[in-house]
Amino acid sequence: MELPDYAKAWTMTLVDDQRTVDSFLQWVDRIDGPISIDTETRGLDWQQHSFTRLVQFADDRQSFAVPTSWHGRTLMHALSTVRDKEVQVRFWNSTFDLHALESDGFPVPHSHNVLDGYILHHLLTPHARHGLKLVSSEILGTWAKVGQDRLASEMRTHGWKWETVPVDWPSYWTYGCLDTLITQRVCAVLARRVTGAGMDDASEREHQASAIMYRAEVRGMKIDHKYADRLRRQWTTEAVVLKDRLQAQGIANPNSNRQVEAILKEQGWNPEEYTETGQALLDKAVLGVLSGTHPEVAEPLVRYKRLTKWIGSYLDPFADSGGRIHPSINTLRAVTGRMSITKPALQTLPSKGSAGEIRRCVLPEAGHELWAIDYDGQEARIFANLSGDPGMRATYDAGEDLYTHVARICWNDPTITKSDPRRSTAKVILLAFTYGAGVDTLSAASGQAPAAVEQFLKKLFLEFPSVRDLTGDHALGGNYPGRPALLAGDRFSSGGLAYVNTKGGRRFSMPEGEYYKAINGICQGSGADVLKSALVRLDRAGLADYIVVPVHDEVVFSFPKGEHDLAREAALCLEDRDWKIPLTVDVTGPLSNWGEAYE
C-alpha cells in the first residue's frame with residue numbers, strides 16, 4: 001500500500017543499546033514543541049504490577065520505543081524532562097496512558113499540557129466511533145491500519161498475547177511507534193477543526209474535567225469490604241432459597257428465558273410480545289405484570305435476578321477489594337457527553353430498595369464524613385429553560401415541583417403531591433418524551449394506556465405551548481419535528497453532519513434521519529456541561545480532590561469531620577444560577593456511609 005510522502009519520511013527506533021539510548025536522550029533534550037506519548041501494556045487493568053511494557057515518544061518526523069524493563073532509568077529521566085519542559089503532550093485516551101505510566105512509578109505531564117485526541121474527536125462528531133485506527137484511517141487514509149493488521153496476524157500465528165509478545169518483535173514496537181506518529185499528526189488536524197468549530201472553550205472544559213476525574217480514579221473509594229462480604233453471603237443464601245423455589249416450579253435454570261417461558265405457558269400464560277428470535281419477551285415490564293398474574297413464578301424470579309446481578313456487579317468487587325476500589329470514570333463515554341462509571345457500574349445502581357444497602361459499602365476517608373450533593377431535578381429544570389415556556393418558569397418561580405404540577409394538570413387533580421404515584425408517572429412520560437419516544441414507548445414505560453398517554457401530551461401542549469416548539473408533535477401523529485430537529489436536518493443538508501449545540505457549546509451529532517434525537521442531546525448534553533463546569537469551579541476552589549465519585553446528577557464528597565463549611569462551599573460551586581430557572585442542589589450530610597443518604 002502506497003504511503004504518503006510525510007509517512008515515508010518518518011523514522012522509528014527501538015531503544016535497545018547505548019547508541020540508541022544516547023540518540024533518544026539527545027532527542028528529548030532538543031524537544032521544543034508538541035510531542036506525542038503512547039504506551040503498550042500487559043492488558044487493560046492498570047493496577048497490576050509492571051503493567052507498562054513499552055513507552056513510545058514522537059514528534060512530527062521520528063519516534064522512539066523504549067522498553068520499560070530495559071531502560072527504566074532512561075524513561076524516568078526522559079519523562080521528567082518532558083514534564084519540566086512544559087510542552088504540549090498529545091495522547092489518544094490520555095487517562096489510560098497516564099495510569100499506565102504513573103502506576104509503574106513514572107512521572108507524567110502536567111494536566112494543563114495534555115491534549116487528548118479522543119476528546120477532540122468526540123467534540124467534533126460525538127455519535128461516531130472514536131478509536132485511533134478508525135479516526136486515522138478517515139483522516140490520513142486506510143494505510144494507517146496496516147501496522148495493526150500485520151501485528152494481529154503475527155500474534156495469532158505465534159499464540160502471543162499483549163503481555164507475552166516480545167518487546168523487540170519488529171511489528172510490535174513499530175506498531176507502537178506508528179501509533180504515536182499518527183496521534184501526533186491526527187491531533188494537530190483535530191485541534192484545528194475544534195478551533196474552527198468554535199469549541200476551544202468546550203475543549204478546555206472537557207480536558208479539565210478529565211484531569212479531575214483521573215485524580216479521583218487514582219484516589220479510589222474507601223469500601224467496607226467486610227460488610228460487603230456479609231451482605232454477599234446473606235444475599236447468596238437468599239438466592240439459593242429462591243432458586244429452590246423456582247426449581248420446584250419446574251425451572252432448573254432461572255436465567256433461561258426458554259425454561260421460564262415454557263413453565264409460564266403451562267400455567268396458562270399467553271405472551272403478547274416476542275423477541276426477534278421468536279422467544280416471548282420477558283423484560284422488567286413484562287415480569288412486573290406477571291408478578292400480579294403468576295406470582296409464584298414471577299416474584300421469586302425477579303428477586304433472584306436482582307440479587308444475583310447485584311452480587312456479581314457490586315458485592316463481589318466490593319468484598320474482594322481489600323478496602324478500596326478504583327472505579328473507571330469516562331467523562332465522555334456517552335454520545336451526549338454524560339459520564340460513565342464502570343468497575344463497578346455505579347450509574348446502573350438502583351436508587352431505591354435494597355440498593356441503599358449496597359451504597360452502605362462506600363465509606364468516608366479516615367477522619368472524614370461523606371456528603372451527597374444532588375442537583376434538584378436538573379433534567380426538568382434544563383428542559384423548562386430550553387423550552388422558554390412562561391408557564392414552566394412560573395411554576396418554578398412559585399416554588400412548585402414541575403412533575404407534580406404537570407401531574408395535577410394532566411389528571412385534573414390539585415391534591416396530587418410529590419409522594420403520589422401519578423407524579424412518578426408524569427416524570428416518566430415527560431422525560432421519555434424528551435428522549436424522542438412515541439406514544440407506544442411512552443405507554444410501555446409509564447404503564448399507561450396509549451389513549452391516556454395521548455391525552456396527557458395534549459394537556460401538556462395546551463398548558464405549556466412552547467414545549468411543542470422544542471419537542472415537536474410527532475408523538476401525537478403530527479408533522480412538526482421541533483426546532484432542534486429541524487436545525488439538525490438543515491445542518492446535514494448543508495454540511496453533511498447533523499448536529500445541535502448544547503448550552504455549553506458542544507456538539508451533539510446524530511446519524512442522518514435520526515433528528516428526533518436532537519432534543520434529548522441538547523437536554524442531556526447541557527446537563528453534562530453543567531456538571532463539568534461545576535467540577536472546574538470545584539477544582540479552582542480547592543475542593544475537587546474531596547470528590548469520591550459523581551453518579552448521574554449527584555456528587556459524593558469526603559470532607560474532614562466538622563468541616564461543614566466545605567460542604568456548603570461545594571454546593572455553591574455546583575449550583576448554576578446563570579439560567580433563568582436556576583439549577584439548584586440538595587445537600588445531604590454528614591454521613592457515615594453513602595447508603596444513609598437513601599434511607
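- In this structure, Ala570 and Phe559 approach most closely via the heavy-atom pair CB-CZ, 3.9 Å.
- Residues passing the side-chain hydrogen bond (donor to acceptor under 3.5 Å, both in side chains) test with Asp60 are Gln184, sequence neighbours excluded.
- Of the options Lys309, Lys343, Arg232, a salt bridge (charged side-chain N to carboxylate O under 4.0 Å, His left out) to Asp316 is made by Arg232 and by none of the others.
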Pair Ile37-Val55, side chain to side chain contact (heavy atoms under 4.5 Å, CB included): steps then yes or no
CA-CA 7 Å; Ile37 293 178; Val55 182; 4.1 Å; yes
Which donor-acceptor pairs under 3.5 Å do the side chains of residues 126-134 make with protein atoms, sequence neighbours left out?
| unit_1 | atom_1 | unit_2 | atom_2 | d |
| --- | --- | --- | --- | --- |
| His127 | ND1 | Ser509 | OG | 2.6 |
| His130 | ND1 | His121 | ND1 | 2.8 |
| His130 | NE2 | Pro126 | O | 3.2 |
| His130 | NE2 | Ala128 | O | 3.0 |
| Lys133 | NZ | Asp179 | OD1 | 2.6 |
| Lys133 | NZ | Asp179 | OD2 | 3.0 |

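- Listed by first and then second residue, the ring-ring contact (aromatic ring centres under 6.0 Å, His included) pairs that reach into residues 190-229 are His99-Tyr214, sequence neighbours excluded.
- Nearest heavy-atom pair, Leu442 versus Ala432, reported as atom, atom and distance to 0.1 Å: CD2-CB, 3.4 Å.
- Side-chain contact check for Tyr598 and Thr588: no donor-acceptor pair (N or O, by modelled atom type) lies under 3.5 Å.
- Lys85 is not listed as a side-chain neighbour of Asn113, based on a closest heavy-atom distance of 4.5 Å or more.
- Applying the side chain to side chain contact (heavy atoms under 4.5 Å, CB included) test to Ser424 and every residue at least two apart in sequence or in another chain returns nothing.
- Aromatic pair Phe57/Phe64: ring centres not closer than 6.0 Å.
- Inspection of the Glu554 and Trp594 side chains reveals an N or O donor paired with an N or O acceptor under 3.5 Å.
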For the pair Ile547 and Met213, evaluate side chain to side chain contact (heavy atoms under 4.5 Å, CB included) and give the outcome as yes or no after the intermediate values.
CA-CA 9 Å; Ile547 294 173; Met213 288 297 95; 4.1 Å; yes
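- Using a 4.5 Å cut-off on side-chain heavy atoms (C-beta onward), Glu206 and His122 make no contact.
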For a side chain to side chain contact (heavy atoms under 4.5 Å, CB included) check, start with the C-alpha distance between Phe318 and Ile325, then their side-chain angles and the critical distance, and finish with the verdict.
CA-CA 7 Å; Phe318 284 170; Ile325 63 167; 3.2 Å; yes
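- A donor-acceptor distance shorter than 3.5 angstrom exists from the side chain of Arg537 to the backbone of Cys573, with no hydrogens or angles considered.
- With hydrogens and angles left out, the side-chain atoms of Thr39 and Asp97 include a donor and acceptor closer than 3.5 Å.
- Taking the side chain to side chain contact (heavy atoms under 4.5 Å, CB included) definition, one finds that Ser50 meets it with nothing, sequence neighbours left out.
- Salt bridge annotation for Asp539-Arg215: present, with a cationic side-chain nitrogen under 4.0 angstrom from a carboxylate oxygen.
- Scored by the side chain to side chain contact (heavy atoms under 4.5 Å, CB included) test, Asn385 finds Trp579, Lys580, Ile581, Leu583 as partners (sequence neighbours excluded).
- A distance-only check finds no donor-acceptor pair linking the side chain of Asp229 to the backbone of Ala319 [under 3.5 Å].
- Between Trp310 and Trp235, the ring planes are tilted. Angles from 30° to 60° get that label.
- At least one side-chain heavy atom of Leu120 sits under 4.5 Å from a side-chain heavy atom of Ser203.
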Could you walk me through whether Glu40 and Trp173 satisfy the side chain to side chain contact (heavy atoms under 4.5 Å, CB included) test, starting with their C-alpha distance in whole Å, then the side-chain angles of each, then the deciding distance to 0.1 Å, before giving a yes or no?
CA-CA 9 Å; Glu40 301 305 326; Trp173 67 263; over 6 Å; no
